[in-house]
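None of these values were measured; they are calculated from a predicted model. Atoms within a ligand are numbered from 1 in the order they appear, just like the ligands themselves.
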Amino acid sequence: MPRLLLVSNRLPVTVKADPRGVTVTPSAGGLATGLSGPHRSSDGLWIGWPGDVSKLKPEQLARVNQELAELKTVPVQLSASEVARYYEGFSNGVLWPLFHYLLHRIPIDVHDWDSYRRVNQRFADAVIAQYREDDLIWVHDYQLTLVPGILRKALPRAKIGFFLHIPFPATDIFRILPWREEILDGMLGADLVGFHTYGYLRHFAKSIVRTLDASFSIDRVPYQGRTIRLGVFPMGIDVAAFEKLANDEDVIAQVTGMREQAKGQQIFLGVDRLDYTKGIQRRLLAMERLLEREPRLRGRVRLVQVAVPSREKVDAYASFRRELEETVGRINGAYGSVGQTPIHYLYRSFSQKQVTALYRAADVMLVTPLRDGMNLVAKEFVASRTDGDGVLVLSEFAGAFAELGEAITVNPHDLDGMVAAYKHALRMPEEERRSRMRTLRERIQRHDVHRWADSFIATLEHMPRAEPLGDESSTSAEIEDLVERIREAPSLALLLDYDGTLAPIERVPELAAPTKEVKALLASLTHRSRPTDVNVVSGRTRESLEEWLGDLPISMYAEHGAWGRERGQSWVPMRELNSEWKNSLRTILNDFTDRTPGSRIEEKWASIAWHYRMADAEFGPLQARELATYLTDILSNAPVEVIHGHKVVEIRQQGIHKGIIVDRVLERAQPAFVLAIGDDRTDEDMFRALPPSGVAIHVGKGRSAATYRLADPAAVASLLRALI
Ligand SMILES: O=P(O)(O)OC[C@H]1O[C@H](O[C@H]2O[C@H](CO)[C@@H](O)[C@H](O)[C@H]2O)[C@H](O)[C@@H](O)[C@@H]1O
Ligand SMILES: O=c1ccn([C@@H]2O[C@H](COP(=O)(O)OP(=O)(O)O)[C@@H](O)[C@H]2O)c(=O)[nH]1
């Protein structure tokens, strides 16, 4: 197995310093357990933040670093300001509430993006420093979404996986984020992007379509010359470890103690980080309503709520804690008595052993988040019930819901429904409880955390390595060489595309008029000391070219070569035009345009184009596919071609393409050197028709038959200027 480089915000260690010294101990969280096997067996490294070590003395820090190295971990130290801005400010103040659909928890003014970007760069730098050829890199979670993108640029052929542990929200929520493009682009730096559920995967894929103008098919995303695979990998837990703990003598003694103490009462249990996503407030309100409506239950049920301190410096967490504690006080004040308290609220963290004892002691486990990526507590409860009893109440908004359908399911936004679920749980006959628990146990046993880690790693390992696209611009030395060759040629013909080559692409095509500089440049080219034939070969109409370039001493070819106006002459068709086939199309195209808001028809002489650039990012392509299939079918005997281009379906008379202009120019001008420049698929026809001595330049990224590449119209202008 290749070496594994694991990257997560937190290292799976706990650093403790007290007057006796400092210790670094591996922590027992879900991720740490699941990945410890592959980490060890691949002789891998884990890169992450070791927690706040700022108060350690230099000799203590040296000791910590040595222990971290022994544990095969690489620390990324964060300053107090980075913790405040990258971790608390952006990751947990913005991304966390947004991805959990809780928009009102996001501060109005967000300004920690810069720090998020810089810290992601620091994590990526730490990976790059450790990387050896053939390593597998696995980056985790929302704190590090930019890391795969940064790594892809530095290590184009590396195998990179990314796993998101929290929900990916619906597109309309996600696109609120001003940095949505950067986040998606960062995640797509990976070869494999994993999610807990298919719902999250689908939301991600749709966001790609809407935000990056990319496409996807089932589980593949073609993006920047690579194919990224999306996968569903629901995380499990270390079932064997929980089963073992559940049967531990100490644990059983604790369970007996708790049950004794709660004699005559049914125990409801909640175990969560104190987080507003976990639905703790509504869980309490439902309990309050139950006690209010069912007086006979007062003194007969208790809710033990563990609330682990979490992200306390984030305002939303601090205010949520106040709200929660007020509710606990109110319920206990109203329904408690000298001898009993309905809500046992424990604001601290417990060991895995203590948590397992709580799971075993409970009658009803309440897992009722408003949203939760997975929720491992639900699975740990099931794993701990080696006695086969216990009822799980589970929110349909937890990722775990996709696997644990035998639980009593609740919508935490429906308080009456929650109350009904509590009653159902209290009354459920033992036989039914055991039957449901049996099925739940079988399911989590099969899909444990080791299987989760192995299956992600195996999928990543077997993916083909990304091949660099080779679409970098030509070097300045290469371009200087080319310019020299052209300058030496006794005569020259230039075939220049317009949009994307002489003018930048505009969202509204009518706005792409040439600048004064470009027009002056074209004019100067015609005055070179050696004969120079300047041709603009465009997909635009005659009218557009005439309006924009008609006063220049150049030749122009419109509609991909259907029409030409050669220097000093008037517009003539380049082929015999036959437009009868158009009549039958107008009704169909009008119908599609009416049904597709944002689309429009552009009628030219030799073609009709249906543009959908401004239509809905998902609906437009769907309609276009239907239109193209339908037209190909009904026009199979007509002398036309149906071309599905970028955001356009074009129906064009057969035999008309930019390639036909190459022959015409060669024949007319007999140039010693011919140079064609273009950015689009239609320009490839021109490149293919060049004689062996001709040279083609592609503008921008993407595949092309051209030998040279320039970045953009500005680079084209500077090359043309060098020819004068
Ligand atoms: O590191 P913290 O800020 O203290 O937060 C603890 C972790 O919380 C989140 O957990 C998520 O991952 C779980 C496992 O996949 C999943 O069951 C749960 O639903 C998620 O909320 C967070 O994603 C981690 O990065 C944090 O370390
Ligand atoms: O006092 C506690 C309470 C919880 N946990 C652990 O914290 C994790 C919580 O994971 P979950 O996926 O449920 O939610 P997250 O906190 O990651 O959002 C589980 O493994 C719990 O066993 C713990 O170790 N001590």
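With a 4.0 Å cut-off on non-hydrogen atoms, L376 touches ligand 1 through its backbone as well as its side chain. The part of M235 lying near ligand 1 is the side chain, judged by heavy-atom distances below 4.0 Å. Under 4.0 angstrom from ligand 1, the non-hydrogen atoms of H165 come from both its backbone and its side chain.
For ligand 1 and G373, the ligand atoms under 4.0 Å from any heavy atom of the residue are 19 (O). Close approach of ligand 1 to H196 is summarised as follows: ligand atoms under 4.0 Å from at least one heavy atom of the residue are 15 (O). The D372 neighbourhood of ligand 1 comprises atoms 18 (C), 19 (O), 21 (O), with distances under 4.0 Å to a heavy atom of that residue.
Geometric assessment of R321 against the ring of Y347 yields a positive cation-pi assignment under the 6.0 Å and 45° thresholds. Cation-pi geometry between R385 and Y359 is not met at under 6.0 angstrom from the ring centre and within 45 degrees of the axis.
The closest side-chain heavy-atom distance from L358 to V306 is below 4.5 Å. Contact check for T145 versus F162: side-chain heavy atoms found under the 4.5 Å cut-off. Contact check for L370 versus R282: side-chain heavy atoms found under the 4.5 Å cut-off. Residues I173 and L98 form a side-chain contact, since some pair of their non-hydrogen atoms from C-beta on lies under 4.5 Å apart.
Using cut-offs of 30° and 60° on the angle between ring planes, the pair F163 and F233 is perpendicular.
For atom 23 (O) of ligand 1, the closest non-hydrogen atom of the protein is D141 OD2, 2.4 Å. Summary of contacts: the protein heavy atom closest to atom 4 (O) of ligand 1 is R10 NH2, 3.2 Å. The protein non-hydrogen atom at the shortest distance from atom 27 (O) of ligand 1 is Q143 NE2, 4.5 Å. Ranking the protein heavy atoms by distance from atom 2 (P) of ligand 1 puts Y87 OH, 3.4 Å first. When only non-hydrogen protein atoms are considered, atom 26 (C) of ligand 1 lies nearest to R311 NH2, 4.1 Å.
Within a 4.0 Å radius of atom 10 (O) of ligand 1, the protein contributes no heavy atom. When distances from atom 17 (O) of ligand 1 to the protein are checked, a heavy atom turns up under 4.0 Å.
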| ring-ring contact (aromatic ring centres under 6.0 Å, His included) evaluation trace for Y142 with F99 | CA-CA 9 Å; Y142 63 102; F99 278 43; 7.4 Å; no
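You'll find the ring centres of H111 and W113 outside the 6.0 Å limit. Centroid-to-centroid, the aromatic rings of Y200 and F195 stay 6.0 Å apart or farther. When ring centroids are compared, Y276 and H100 stay outside the 6.0 Å threshold.
Checking side-chain atoms of D275 against main-chain N and O of K278 turns up no donor-acceptor pair under 3.5 Å.
In this structure, H140 has no heavy atom closer than 4.0 Å to ligand 1. Judged by the shortest distance from any of its heavy atoms, W96 lies inside the 4.0 Å radius around the atoms of ligand 1.
Residue M374 has at least one nitrogen or oxygen atom sitting less than 3.5 Å from a nitrogen or oxygen atom of ligand 1, judged on distance alone.
Side chain to side chain, Q305 and R283 meet the donor-acceptor criterion of an N or O pair below 3.5 Å.
Residues satisfying the ring-ring contact (aromatic ring centres under 6.0 Å, His included) test with W49, not counting sequence neighbours, are Y87.
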What does the contact table look like for ligand 2 (nitrogen or oxygen on each side, cut-off under 3.5 Å)?
unit_1: ligand 2; atom_1: 1 (O); unit_2: F350; atom_2: N; d: 2.6
unit_1: ligand 2; atom_1: 1 (O); unit_2: F350; atom_2: O; d: 3.4
unit_1: ligand 2; atom_1: 12 (O); unit_2: L376; atom_2: N; d: 2.9
unit_1: ligand 2; atom_1: 13 (O); unit_2: L376; atom_2: N; d: 3.1
unit_1: ligand 2; atom_1: 13 (O); unit_2: V377; atom_2: N; d: 3.2
unit_1: ligand 2; atom_1: 14 (O); unit_2: K278; atom_2: NZ; d: 3.0
unit_1: ligand 2; atom_1: 16 (O); unit_2: R273; atom_2: NE; d: 2.7
unit_1: ligand 2; atom_1: 18 (O); unit_2: R273; atom_2: NH2; d: 2.8
unit_1: ligand 2; atom_1: 18 (O); unit_2: K278; atom_2: NZ; d: 2.9
unit_1: ligand 2; atom_1: 20 (O); unit_2: E380; atom_2: OE2; d: 2.5
unit_1: ligand 2; atom_1: 22 (O); unit_2: E380; atom_2: OE1; d: 2.5
unit_1: ligand 2; atom_1: 22 (O); unit_2: E380; atom_2: OE2; d: 3.3
unit_1: ligand 2; atom_1: 25 (N); unit_2: F350; atom_2: O; d: 2.8

